[in-house]
There are 2 protein chains.
Amino acid sequence: MRTKAVLKAIADDTRLNLVKLLLKHSYCVGALARRLGLTEAAVSQHLKVLREVGLLHGEKRGYFRHYEVNREKLRMLAAELQELAAVQREAGPSEEGGCRLQKQGRGATHKSQKEWVQEACCACHGVRAKRKESERDEHHKCEES
Amino acid sequence: MRTKAVLKAIADDTRLNLVKLLLKHSYCVGALARRLGLTEAAVSQHLKVLREVGLLHGEKRGYFRHYEVNREKLRMLAAELQELAAVQREAGPSEEGGCRLQKQGRGATHKSQKEWVQEACCACHGVRAKRKESERDEHHKCEES
DNA sequence: ATTTTAATTTAGTATTGACTTAATTAGATT
DNA sequence: AATCTAATTAAGTCAATACTAAATTAAAAT
């Protein structure tokens with residue numbers, strides 16, 4: 001998700017408020033600080049974060065700096081979330097873990113659904129005490145491209 | 001922004017990855033923990049956050065719990081971001097601070113653009129040392145409904 | 001009722017992030 | 001060049017957050 005950085009940037013209340021303000025108007029750092037009840041330094045740091053993810057473009061005009069919101073970044077993020085919401089559920093057992101290892105035939109033995117699921121999902125989970133860090137990578141290997 | 005909580009929830013890398021996995025398949029907590037290289041406790045805590053914002057719905061089936069992603073929440077968030085991107089810039093001087101106090105007529109004196117801007121934006125910013133906490137609320141009042 | 005199993009919760013630690021003050025920088029103005 | 005002004009950065013503090021290990025809970029299975 002190329003827009004993950006944008007997502008993180010606007011997930012903060014202060015930065016989201018900054019974006020909203022700057023969509024409507026052009027405010028200087030002092031004005032933004034007043035409106036949000038913060039110091040100019042705090043506002044400046046947040047503006048830096050927003051610039052770094054490409055959400056704001058600033059340019060100096062005389063003493064003051066003007067910011068423009070890059071609305072395209074917001075639209076791209078929105079589009080990616082729509083795509084995410086449209087991701088198709090993969091075919092396969094709706095049971096636990098969605099593992100395919102067993103399904104691909106590790107043993108020819110016919111197993112009940114329950115047996116299959118247990119092996120498929122958490123073959124070694126049953127014995128909790130045996131679960132060691134080094135075993136983790138060996139446990140529960142699920143195929144995934 | 002009613003979906004702010006959803007925005008915050010998925011702004012975390014781990015929770016976003018959980019959502020992506022659960023959109024495609026049904027995994028148990030153990031399987032999720034393996035795939036993300038975390039403990040089951042960590043995964044459980046993240047799943048709780050996602051449930052609390054309404055992004056996941058879980059139900060027990062036998063020993064295992066199944067999770068369904070509430071895609072509608074993702075769509076709503078996407079829609080709000082689209083709306084945000086479409087917010088109209090307000091009419092008014094594109095100069096600093098976007099303040100209207102002066103514009104509404106504090107003095108009848110005709111001022112140059114520069115003079116106007118300076119007063120409008122940061123009337124008291126010029127004398128930095130005088131800026132005290134108690135003065136902040138008096139400074140730079142901008143009209144905003 | 002007891003045992004097993006998956007998942008959650010508790011408690012603690014380490015890391016991250018948001019804030020402030022003060023110092024500094026980068027222009028603009030004179 | 002000197003001064004002024006807006007903004008940024010450095011350094012520090014504190015709160016929030018993400019993790020783990022261990023204990024506990026909530027079912028399911030026997």
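So you know, we letter chains A, B, ... as the sequences are listed, proteins then strands, and number each from 1. Bear in mind the structure is a predicted one, so any value in this text is a computation, not a measurement.
Mapping A:Ala42 and A:Lys8 onto DNA chain C by nearest heavy atom places A:Lys8 at the nucleotide closer to the 5' end. Nearer the 5' end of DNA chain C, as judged by each residue's closest nucleotide, is the contact made by A:Val49, out of A:Gly62 and A:Val49.
Closest approach to the B:Leu47 side chain among D:dA18, C:dT8, C:dA22 is made by C:dT8 (side chain taken as heavy atoms from C-beta onward). Side chain of A:Thr39, nearest nucleotide from C:dT20, C:dT8, D:dT8: C:dT20. Looking at the side chain of A:Asp12, the nearest of the listed nucleotides C:dA18, C:dT8, D:dA7 is C:dA18. Distance from the side chain of B:Lys60 is smallest for D:dA27 among the nucleotides C:dT20, D:dT20, D:dA27. Taking every side-chain heavy atom of A:Tyr63 into account, D:dT5 is the closest of D:dT9, D:dT5, D:dA18.
The cluster map of Ile, Leu, Val, Met, Phe, Trp and Tyr, joined by side-chain heavy atoms under 4.5 Å apart, puts A:Leu18 and A:Val49 in different clusters.
The CD-C1' distance, from A:Glu40 to C:dT20, rounds to 13 Å in whole Å. Atom pair B:Ile10:CD1 and D:dT17:P shows a separation of 16 Å (rounding to whole Å applied). Remark: C1' of D:dA7 and CG of A:Leu50 are 16 Å apart, rounded to the nearest angstrom. The CZ atom of B:Arg65 sits 12 Å away from the C1' atom of D:dT25 (whole-angstrom rounding). Counting to the nearest Å, the P atom of D:dA6 and the CZ atom of A:Arg34 are 11 Å from each other. Remark: C1' of D:dT8 and CD of A:Glu52 are 12 Å apart, rounded to the nearest angstrom. Whole-Å rounding puts the A:Lys48 NZ to C:dT24 P distance at 18 Å. Between the CG atom of A:Leu32 and the P atom of C:dA18 there is a distance of 17 Å, rounded to whole Å.
A donor N or O paired with an acceptor N or O is not found under 3.5 Å between the base of D:dT17 and the side-chain atoms of B:Gln45.
For the atom pair CG (A:Leu55) and CZ (A:Arg71), the distance works out to 11.0 Å, reported to the nearest 0.5 Å. Separation of atoms CZ (B:Arg61) and SG (B:Cys28) is listed at 13.5 Å; rounding is to 0.5 Å. Here OG1 of A:Thr14 is found 11.0 Å from CD of A:Gln45. Values are rounded to the nearest 0.5 Å.
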Table of protein N/O atoms under 3.5 Å from nucleotides 13-16 of chain C N/O atoms:
none

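A salt bridge between A:Glu68 and B:Arg89 is present, with a side-chain N of the basic residue lying under 4.0 Å from a carboxylate O of the acidic one. A salt bridge links B:Lys4 with A:Asp13: at least one charged nitrogen is closer than 4.0 Å to a carboxylate oxygen.
Partners of B:Arg15 according to the salt bridge (Lys or Arg N to Asp or Glu O under 4.0 Å) rule, which considers only residues two or more places apart in sequence or in another chain, do not exist here. With sequence neighbours left out, the salt bridge (Lys or Arg N to Asp or Glu O under 4.0 Å) criterion links A:Glu52 to no other residue.
Contact check, A:Arg51 against D:dT8: a side-chain N or O comes under 4.0 Å of OP1 or OP2. Look at A:Arg15 and you'll find a side-chain N or O under 4.0 angstrom from OP1 or OP2 of C:dA18.
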